[in-house]
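Since the structure comes first, as structure tokens, the remarks are kept for the end.
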Amino acid sequence: MKLGEPDILGAGILIVDDQEVNISLLAQMLQEAGYTSVASTMDPYAVCALHRRNSYDLILLDLQMPGMDGFQVMEALKTNDADAYLPVVVITAQPGHKLRALQSGAKDFVSKPFDLVEVRTRIHNMLEVRLLYKKLENYNKVLEQTVRERTSELRESEARYRSLTELASDWYWEQDAGGSFTKVSGPVLEMLGIRVDGLTANGAPLAGWNQVERDLLQATIAARQPFLDFVFSRVNADGSQQRFQVSGEPMFNESSRFIGYRGIGVELAARK
């Protein structure tokens with residue numbers, strides 16, 4: 001996250017001082033240094049409104065002003081919810097005010113009478129930190145928005161997947177690495193008469209299944225192989241036959257470790 005000199009020289013700066021000569025001196029110094037967006041005001045009561053309107057990157061603030069001093073201006077600026085960072089460098093001729101100014105939220109200070117080299121250096125350094133802070137803040141906002149968008153897209157994708165699965169099949173299923181069902185959607189209980197643990201309601205193993213077909217399916221699963229439109233069947237007590245068609249694929253985690261199977265199934269037309 002780098003800044004170029006044009007970024008710093010194009011930053012918005014507001015000079016606040018009740019002495020016009022001080023404003024002229026600072027404005028001329030900044031313009032000669034190449035800064036292109038410098039504004040000023042002699043009215044401390046106007047500072048908050050100006051900052052809300054223009055979002056200055058740096059405010060050069062005189063502490064000793066009639067009516068509303070610099071400390072009161074800083075307190076008023078803290079009410080700006082849109083900017084938690086107070087971009088203020090105070091200007092003071094009183095050494096005792098420096099610590100209080102920093103405790104009040106100022107990020108740096110400039111002493112009167114001005115040492116122009118020191119002033120230029122402090123302003124440049126302050127703006128570099130300020131603009132990096134803004135870049136980081138904007139990056140975090142973009143990142144948060146991207147996460148929200150990706151999460152929304154993922155939810156929409158999952159919803160479409162579930163909808164298509166329901167349209168294309170009678171049920172969706174997942175098994176863990178041990179072969180136990182962990183998720184089943186659709187009328188599986190009614191169609192197969194089983195719970196997710198593979199047993200009948202009274203706890204007895206299901207009867208009537210074609211064991212050859214079931215063994216072949218289990219061998220495919222044991223080999224961690226996908227299967228498509230595999231058909232297996234069972235004969236009911238009344239002599240009718242139920243036929244089911246299933247497709248499935250193995251699931252692996254990020255470490256390529258097998259974690260189970262997932263798939264879809266449909267009941268084919270029953271035959272007498």
Side-chain angles (χ1 to χ4, degrees), residues 1-2 135-272:
M1 193 177 298
K2 295 182 178 179
K135 276 183 173 286
L136 179 61
E137 189 176 42
N138 291 335
Y139 174 79
N140 288 337
K141 289 180 180 178
V142 171
L143 183 61
E144 290 173 2
Q145 179 63 27
T146 301
V147 170
R148 284 195 294 268
E149 291 174 356
R150 296 296 180 269
T151 301
S152 177
E153 290 171 1
L154 179 60
R155 288 173 178 167
E156 290 177 4
S157 178
E158 289 176 344
R160 287 195 299 269
Y161 176 76
R162 286 194 299 269
S163 178
L164 290 173
T165 297
E166 292 171 358
L167 290 172
S169 62
D170 292 328
W171 76 88
Y172 170 83
W173 55 271
E174 289 185 11
Q175 289 178 314
D176 61 20
S180 298
F181 285 92
T182 58
K183 182 183 295 185
V184 173
S185 66
V188 176
L189 297 181
E190 293 80 1
M191 294 168 59
L192 302 183
I194 62 172
R195 297 198 305 264
V196 293
D197 56 9
L199 302 177
T200 60
N202 61 11
L206 289 168
W209 293 105
N210 185 313
Q211 196 59 43
V212 174
E213 294 170 346
R214 290 177 63 82
D215 289 346
L216 180 58
L217 179 58
Q218 290 302 320
T220 301
I221 292 176
R224 311 287 191 258
Q225 296 296 316
F227 49 90
L228 179 66
D229 296 339
F230 183 91
V231 177
F232 64 100
S233 60
R234 72 184 292 246
V235 177
N236 297 314
D238 63 358
S240 64
Q241 184 185 50
Q242 285 181 291
R243 300 173 65 243
F244 304 94
Q245 181 176 284
V246 295
S247 300
E249 63 177 3
M251 298 185 294
F252 300 90
N253 63 13
E254 295 179 353
S255 303
S256 299
R257 184 174 65 85
F258 173 71
I259 57 174
Y261 262 85
R262 64 185 168 200
I264 58 174
V266 295
E267 182 178 14
L268 303 177
R271 296 187 302 183
K272 198 74 174 172

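Heavy atoms only, all atoms of each residue included: E267 and F244 are closest at CG-CE2, 3.7 Å. Looking at every heavy atom in both residues, M251 comes nearest to Q175 through CE-O, 3.9 Å.
Between the CD atom of Q145 and the CZ atom of R150 there is a distance of 10.0 Å, given to the nearest 0.5 Å. In this structure, NZ on K183 lies 13.0 Å from CH2 on W173, to the nearest 0.5 angstrom. Residue L143 holds its CG atom at 10.0 Å from CZ of R148, rounded to the nearest 0.5 Å.
In this structure the side chain of N210 never reaches within 4.5 angstrom of the side chain of F232, judged on heavy atoms.
Every residue two or more places apart in sequence or in another chain that forms a side-chain contact (heavy atoms from CB on, under 4.5 Å) with D176 is listed here: S180, T182.
The backbone N or O of I264 sits nowhere less than 3.5 Å from a side-chain atom of S247 that would complete a donor-acceptor pair. Side chain of N253 to main chain of S256: a donor-acceptor pair is present (N/O by atom type, distance under 3.5 Å, no hydrogens or angles). Side-chain atoms of N236 do not come within 3.5 Å of backbone N or O of D238 as any donor-acceptor pair.
The aromatic rings of F258 and F252 sit perpendicular to each other, their planes meeting at more than 60°, with 30° as the lower class boundary.
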Give the table of side-chain donor-acceptor pairs shorter than 3.5 Å for residues 213-220, with sequence neighbours excluded, one pair per line with atom names and distance.
residue, atom, partner, partner atom, Å
E213, OE1, S233, N, 2.7
E213, OE1, S233, OG, 3.1
D215, OD1, Q211, NE2, 2.9
T220, OG1, L216, O, 3.0

